[in-house]
Amino acid sequence: MHTDVNKLFESLWSDYLAMTPSAGKVHQLLSQGETIINDHIALRTFNIEKVNLAVLAAHFESLGYVDSGDYHFEAKKLKAKHFEHPDPTQPKVFISELMVEEFSPQLQSILKGLVDQIDVAATTADNFLYSGRHWELDFTTYETLLAESEYAAWVAAFGYRANHFTVSINHLPGYSTILDVNETLKKGDFILNSAGGEVKGSADVLLEQSSTMADKIEVDFKDVQKSIPSCFYEFALRYPKADGELYTGFVAASADKIFESTNAS
C-alpha cells in the first residue's frame with residue numbers, strides 16, 4: 001500500500017483525467033492558473049468480501065485516514081462511509097458499496113463471477129485504487145447490469161478508480177457562490193447534472209454541491225467497443241457549523257442525486 005498520500009492522489013488524478021477528458025478543461029477554466037484544492041474523491045465497489053468498502057478503505061487508513069461518517073442510500077441499495085485525514089488540506093474520501101444481496105439472483109451471480117476473476121493480492125497492491133477493471137466483460141452483460149443498477153454497470157465497466165474528484169469552492173479564487181461556478185461551467189458548454197436541481201443541498205444543511213454529467217468515452221468490452229458514461233467532476237461549497245469550523249460531512253439526500261451524474265444523459 002502507498003506510504004505517501006500525495007503520490008496516491010497524483011496517481012488517482014492522472015488515471016481520472018484519462019477517463020474524464022472534460023475534467024482537465026474544467027480544471028483549466030476554473031483555476032485561472034491557481035492551485036485547485038480537491039474537496040473529496042469518491043470510489044465505488046461491491047459489498048463482496050474480497051473488494052468490499054473495508055478493503056478500499058484500508059488503503060487510506062494506512063495513510064492516517066479515519067472513518068468519519070456512515071450513509072445509507074435505500075433506493076439505490078448502497079451503503080457508504082467517508083474518511084478524513086488529520087491534515088485537513090488532504091482530500092476527504094467517500095467510498096460506497098453496492099448491497100449485492102438486495103438484487104436479483106442474476107445480478108448477484110454476474111457480480112460474483114467478475115469478482116472471482118480478481119487476484120486477491122491485487123487488492124492490497126499500491127495501485128489497486130486506480131487499477132481499473134480486473135475481469136472480462138461483454139457488452140450484453142453490461143446492459144443486463146445497467147437495466148437493474150446503473151452503479152453495478154459502472155463498476156463492472158470501469159473497475160477500481162476515482163468515480164469523481166471535487167473542486168472545493170471554498171478555496172477557489174474568484175468565486176464565492178456555487179451559482180457563479182455553475183454559470184461559468186454552462187458558459188463553457190459543460191452539461192450539469194440537473195437531477196434534483198443543479199444545486200444539491202443548501203446553506204441549511206451546510207453543504208451545496210453540483211456536478212457535470214459524466215463524459216462519454218470509448219470502452220473496450222470483450223466483444224465490442226462502445227461509448228458509455230465514465231466519470232464526472234463535482235463542485236462543493238461548505239458552510240461553517242455553530243463552532244465556526246467548516247462542515248466536513250456529506251448529505252445523503254444530495255449524494256443520492258450526485259450518483260446520477262453517471263446516468264446516460
Check your understanding: Is there a chain of hydrophobic side chains (I, L, V, M, F, W, Y, each step under 4.5 Å between heavy atoms) that links V224 to W135?
Key -> yes
Study note, to complete from the structure: Here the gap from M19 atom CE to R161 atom CZ, rounded to the nearest 0.5 Å, amounts to 4.0 Å
Check your understanding: When rounded to the nearest 0.5 angstrom, what is the spacing between NZ in K186 and OG1 in T212?
Key -> 13.5 Å
Practice item. Side-chain contact test, heavy atoms from C-beta onward, threshold under 4.5 Å: evaluate it for F221 versus T141 and give yes or no. Key: no
Review point. According to the salt bridge (Lys or Arg N to Asp or Glu O under 4.0 Å) rule, which pairs have a member within residues 100-114, sequence neighbours left out?
Key: K112-D116
Check your understanding: What orientation do F128 and H134 show, parallel under 30°, tilted 30 to 60°, or perpendicular over 60°?
Key -> tilted
Check your understanding: Does Y239 reach the side chain of V205, with side-chain heavy atoms less than 4.5 Å apart?
Key -> no
Study note, to complete from the structure: In D67, D87, D39, the residue satisfying salt bridge (charged side-chain N to carboxylate O under 4.0 Å, His left out) with K92 is D39
Review point. What is the minimum heavy-atom distance between A156 and L137, and which atoms define it?
Key: O-CD2, 3.3 Å
Check your understanding: Under a single-linkage definition using a 4.5 Å side-chain heavy-atom cutoff for Ile, Leu, Val, Met, Phe, Trp and Tyr, are L53 and Y130 assigned to the same hydrophobic cluster?
Key -> yes
Exercise for review: Kindly determine whether Q106 and I110 satisfy side-chain contact (heavy atoms from CB on, under 4.5 Å), including the steps that lead there.
Suggested key: CA-CA 6 Å; Q106 184 187 25; I110 292 171; 4.2 Å; yes
Review point. Between R133 and A157, is there a donor-acceptor pair closer than 3.5 Å when you use the side chain of the first and the backbone of the second?
Key: yes
Practice item. Answer whether the closest heavy-atom distance between the side chains of F9 and L63 falls below 4.5 Å. Key: no
Review point. Is the CD atom of Q28 crowded by more than 12 outside heavy atoms at less than 6.0 Å?
Key: no
Exercise for review: Give the C-alpha distance, both sets of side-chain angles, the deciding distance and a yes or no for side-chain contact (heavy atoms from CB on, under 4.5 Å) between S149 and L107.
Suggested key: CA-CA 9 Å; S149 163; L107 182 137; 4.3 Å; yes
Practice item. With side-chain contact (heavy atoms from CB on, under 4.5 Å) as the test, would you mind laying out the steps for L146 and Y151 before giving the verdict? Key: CA-CA 8 Å; L146 190 58; Y151 183 107; over 6 Å; no
Indicate every side-chain donor-acceptor pair of residues 251-259 with a distance under 3.5 Å to a residue at least two apart or in another chain.
unit_1, atom_1, unit_2, atom_2, d
S254, OG, G201, N, 3.3
D256, OD1, K76, NZ, 3.2
D256, OD2, K76, NZ, 3.2

Review point. Considering all heavy atoms of both residues, which atom of G244 and which atom of P240 are nearest to each other, and what is their separation?
Key: O-CB, 3.7 Å
Point to revise | Side-chain donor-acceptor contact under 3.5 Å, E234 with S261 | key: no
Check your understanding: Would a 4.5 Å heavy-atom cut-off, applied to side chains only, mark T45 and L98 as touching?
Key -> no
Review point. Is any side-chain heavy atom of L129 less than 4.5 Å from a side-chain heavy atom of Y160?
Key: no
**Study point:** Minimum side-chain heavy-atom gap W154-L145 below 4.5 Å
**Key:** no
Review point. When you check the side-chain N and O atoms of E150 and T262, is any donor under 3.5 Å from an acceptor?
Key: yes
**Study point:** Parallel, tilted or perpendicular: ring planes of H164 versus H40, cut at 30 and 60 degrees
**Key:** perpendicular
Review point. Is there a donor-acceptor contact under 3.5 Å from the side chain of T20 to the main chain of Y16?
Key: yes
Review point. If you look at every heavy atom in F139 and I228, which pair is closest and at what distance?
Key: CE1-CG2, 4.3 Å
Check your understanding: Are the side chain of Q117 and the backbone N or O of E136 linked by a donor-acceptor pair below 3.5 Å?
Key -> yes
Practice item. Would you check, one step at a time, whether the test side-chain contact (heavy atoms from CB on, under 4.5 Å) holds for Q90 with N6? Key: CA-CA 8 Å; Q90 292 296 351; N6 296 318; 3.1 Å; yes
Check your understanding: Roughly how far apart are Y142 OH and K226 NZ, rounded to 0.5 Å?
Key -> 11.0 Å
Practice item. Over all heavy atoms of both residues, which pair between T248 and R238 is shortest? Give the atoms and the distance, please. Key: C-NH1, 3.3 Å
Check your understanding: Going through the distances and angles, do F83 and F60 end up as a ring pair (Phe, Tyr, Trp, His ring centres under 6.0 Å)?
Key -> CA-CA 8 Å; F83 299 82; F60 295 100; 7.3 Å; no
Check your understanding: Looking only at heavy atoms, what is the nearest atom pair of L56 and V51, with distance?
Key -> CD1-O, 3.6 Å
Exercise for review: Is it possible for you to say whether L17 and F190 belong to one hydrophobic cluster, with membership spreading through side-chain heavy-atom contacts below 4.5 Å?
Suggested key: yes
Check your understanding: Is there side-chain contact between L207 and L237, with heavy atoms separated by less than 4.5 Å?
Key -> no
Review point. Roughly how far, to the nearest 0.5 Å, is NZ of K77 from CD of E97?
Key: 15.5 Å
Point to revise | Polar side chain donor-acceptor pair, S230 to D215, under 3.5 angstrom | key: no
Which donor-acceptor pairs under 3.5 Å do the side chains of residues 68-75 make with protein atoms, sequence neighbours left out?
unit_1, atom_1, unit_2, atom_2, d
S68, OG, V66, O, 2.9
D70, OD1, K81, NZ, 2.8
Y71, OH, H82, ND1, 2.8
Y71, OH, F250, N, 3.3

Check your understanding: Are M213 and V199 connected, step by step, through hydrophobic side chains (Ile, Leu, Val, Met, Phe, Trp, Tyr) whose heavy atoms are closer than 4.5 Å?
Key -> no
Check your understanding: With hydrophobic residues grouped by side-chain heavy-atom distances under 4.5 Å, do I37 and L30 end up in a single group?
Key -> no
Check your understanding: With a 4.5 Å limit on heavy-atom distance, are the side chains of K50 and I118 in contact?
Key -> yes
Practice item. Return yes if some donor-acceptor pair links the side-chain N/O of E208 with the main-chain N/O of K200 below 3.5 Å, else return no. Key: no
Practice item. Hey, could you give me the NE2/CD1 distance between H171 and I169, rounded to the nearest 0.5 Å? Key: 12.0 Å
Point to revise | Reported OG-to-CZ distance for the pair S211 and F232, which is rounded to 0.5 angstrom | key: 5.0 Å
Exercise for review: For N47 and V100, indicate whether the former's side chain and the latter's backbone hold a donor-acceptor pair under 3.5 Å.
Suggested key: yes
Review point. Can you name the nearest heavy-atom pair linking N170 to A236, along with the distance?
Key: OD1-O, 3.9 Å
Practice item. Take the angle between the ring planes of Y233 and W13 and call it parallel below 30°, perpendicular above 60°, tilted in between. Key: tilted
